[in-house]
There are 2 protein chains.
Amino acid sequence: MAADPLSRVFAALADPTRRDMVARLAGADATVGELAEPYDVSVQAVSKHLRVLEDAGLVSRSRDAQRRPVHLEAEVLDLMTTWIERYRRQAEERYRRLDDVLASMPDDVSPTHPTDDTTPGGNPS
Amino acid sequence: MAADPLSRVFAALADPTRRDMVARLAGADATVGELAEPYDVSVQAVSKHLRVLEDAGLVSRSRDAQRRPVHLEAEVLDLMTTWIERYRRQAEERYRRLDDVLASMPDDVSPTHPTDDTTPGGNPS
DNA sequence: CTCTTCCTCAACCGAATGGTTGAGGAAGGG
DNA sequence: CCCTTCCTCAACCATTCGGTTGAGGAAGAG
């Protein structure tokens, strides 16, 4: 498991159980047992999920007697939003520019400016 | 492969090659061959990656003679940002409230009635 | 010390993933 | 018609993943 950090975060959240854990941890810290309670899988399986989240930096586990309280490290989520927003914005920008090009494109036989025809040919219905 | 949409999108972007494809497609549509060129894997492997992105709704493939131009469908990215922002914000809010509690806590920590008041004694502000 | 509680480690298993190679369909160009 | 280009489908292989069970460590309670 030597993937880059971004891949680890995306992969960690690709599992609905892990996403649900993150959602619950956003409200309050919890112990492994508390986290495991709603799901009908073994506690070991939950511990494994927690380890995936921990390796992604999404979660940290401290020590309180026998308990291992789990805490959400929400800052890592910014890694993803930064990446996503970057390309969403770029695609949006390109789309906007494409609209401009189409708007200024005289469709080969209609040299008149076609930017005004929002409802061409009248409304049939 | 019957996962929920959100899982599919997260899983699709958990691979650095696929993320790179999305990044390039944000700039311009491309054919499978063009997309495959930078990577030293077979074209079939790239086609498989494209299929993962397509199943996630991130990409669409049309037909232009022998070409299969690939187009990025950036709106799906909002699915993720919505999910992420929801819990990032919730965690942030919880953190802010914890700060408030700590700020209003006097040195002597012996609350007579834990459930009675959010700001016991005189409110300093 | 013993016992119980909470949790993790290790080994194993079936299914999914990411890659390969080989065959073949679809759409033009000669 | 044949031939080339672009791409996908199918079969196969190694690795990873999500789950299980069994064993065991850590820290209080008796």
Side-chain angles (χ1 to χ4, degrees), chain A residues 1-25 28-72, chain B residues 1-25 28-72:
Chain A
M1 192 186 287
D4 59 296
L6 201 45
S7 294
R8 278 199 293 262
V9 182
F10 274 115
L13 294 183
D15 184 285
T17 302
R18 287 195 292 259
R19 276 202 309 279
D20 192 59
M21 291 179 181
V22 168
R24 292 166 59 204
L25 287 170
D29 292 1
T31 68
V32 177
E34 289 165 0
L35 280 173
E37 193 266 325
Y39 319 114
D40 64 342
V41 296
S42 63
V43 182
Q44 290 95 321
V46 172
S47 192
K48 274 193 180 184
H49 280 304
L50 249 7
R51 186 153 162 65
V52 174
L53 292 172
E54 196 177 17
D55 287 344
L58 277 164
V59 133
S60 66
R61 288 186 269 190
S62 49
R63 171 64 71 205
D64 172 37
Q66 308 103 308
R67 312 271 152 77
R68 306 294 310 277
V70 182
H71 176 73
L72 179 65
Chain B
M1 194 189 286
D4 58 295
L6 202 44
S7 294
R8 278 200 293 261
V9 182
F10 274 115
L13 293 183
D15 184 285
T17 300
R18 287 194 293 258
R19 275 202 309 279
D20 192 58
M21 290 179 180
V22 167
R24 292 165 61 204
L25 287 170
D29 292 2
T31 68
V32 178
E34 289 165 0
L35 279 173
E37 194 266 326
Y39 319 114
D40 64 342
V41 295
S42 64
V43 182
Q44 289 94 323
V46 172
S47 191
K48 274 193 178 183
H49 280 304
L50 248 8
R51 185 150 160 68
V52 174
L53 292 172
E54 196 177 19
D55 288 344
L58 277 165
V59 133
S60 66
R61 285 187 272 189
S62 49
R63 170 79 53 212
D64 171 35
Q66 307 103 310
R67 309 272 153 77
R68 305 296 309 276
V70 182
H71 176 73
L72 179 65

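Hydrogens, waters and symmetry mates are skipped; everything else that's a heavy atom, side chains included, is used. Each chain gets a letter, A, B and so on, in the order its sequence line appears, and its residues count up from 1.
- The side-chain contact (heavy atoms from CB on, under 4.5 Å) test applied to A:Ala11 returns B:Ala14, not counting sequence neighbours.
- For the pair A:Arg67 CZ and C:dT5 P, the interatomic distance rounds to 11 Å; values are reported in whole Å.
- When rounded to the nearest whole Å, the span between CG of A:Asp15 and P of C:dA15 equals 18 Å.
- Judged purely by atom type and a 3.5 angstrom limit, B:Arg68 uses its side chain to pair as donor or acceptor with the backbone of B:Ser62.
- Distance A:Arg8 CZ to D:dC17 C1': 16 Å, rounded to the nearest Å.
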Original post:
So B:Leu53 and B:His49, side-chain contact (heavy atoms from CB on, under 4.5 Å) or not? Walk me through it.
Top reply: CA-CA 6 Å; B:Leu53 292 172; B:His49 280 304; 5.6 Å; no

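- The line from CG of A:Asp15 to CG of B:Leu6 is 11.5 Å long, rounded to the nearest 0.5 Å.
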Between the protein and nucleotides 23-30 of chain D, list every N/O to N/O distance that falls short of 3.5 Å.
none

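- A heavy atom closer than 4.0 Å to some atom of DNA chain C occurs in B:Val41, B:Ser42, these being the qualifying members of residues 29-42 of chain B.
- Contact between the side-chain N/O atoms of B:His49 and the OP1/OP2 oxygens of C:dT17 is not found at any separation under 4.0 Å.
- A:Arg51 has its CZ atom 14 Å from the C1' atom of C:dC7, to the nearest Å.
- Proximity of residues 17-25 of chain A to DNA chain C (heavy atom under 4.0 angstrom from any strand atom) is not detected for any residue.
- For A:Arg61, the salt bridge (Lys or Arg N to Asp or Glu O under 4.0 Å) partners two or more places apart in sequence, or in a different chain, are A:Glu54.
- Note on A:Arg61: a side-chain N or O is less than 4.0 Å away from OP1 or OP2 of C:dT8.
- The distance from the CG atom of A:Leu58 to the CZ atom of A:Arg8 is 11.0 Å, given to the nearest 0.5 Å.
- The nearest pair of heavy atoms linking A:Leu25 to A:Ala30 is CD2-N, 3.8 Å.
- Distance NZ (B:Lys48) to P (C:dG22): 15 Å, rounded to an integer number of Å.
- Between the P atom of C:dT8 and the CG atom of A:Asp55 lies a distance of 13 Å, rounded to the nearest Å.
- Remark: the backbone N or O of A:Leu13 is not paired with any side-chain donor or acceptor of A:Arg18 at under 3.5 angstrom.
- The phosphate of D:dT8 has OP1 or OP2 within less than 4.0 Å of a side-chain N or O from B:Ser47.
- Residue B:Leu13 contributes atom CG, which lies 15 Å from atom P of C:dT17 at whole-angstrom precision.
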Distance-only donor-acceptor pairs under 3.5 Å for side chains of residues 38-47 of chain B, two or more places apart:
{"unit_1": "B:Tyr39", "atom_1": "OH", "unit_2": "B:Asp20", "atom_2": "OD2", "d": "2.7"}
{"unit_1": "B:Tyr39", "atom_1": "OH", "unit_2": "B:Arg24", "atom_2": "NH1", "d": "3.0"}
{"unit_1": "B:Ser42", "atom_1": "OG", "unit_2": "B:Ala45", "atom_2": "N", "d": "3.2"}

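- Positionally, the nearest nucleotide of DNA chain D for B:Val43 lies more toward the 5' end than for the other of A:Ala45 and B:Val43.
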**OP:** Check the pair A:Val32 / A:Leu35 against side-chain contact (heavy atoms from CB on, under 4.5 Å), numbers first and verdict last.
**Re:** CA-CA 5 Å; A:Val32 177; A:Leu35 280 173; 5.7 Å; no

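- With salt bridges taken as basic N to acidic carboxylate O contacts below 4.0 Å, none links B:Arg67 and B:Asp29.
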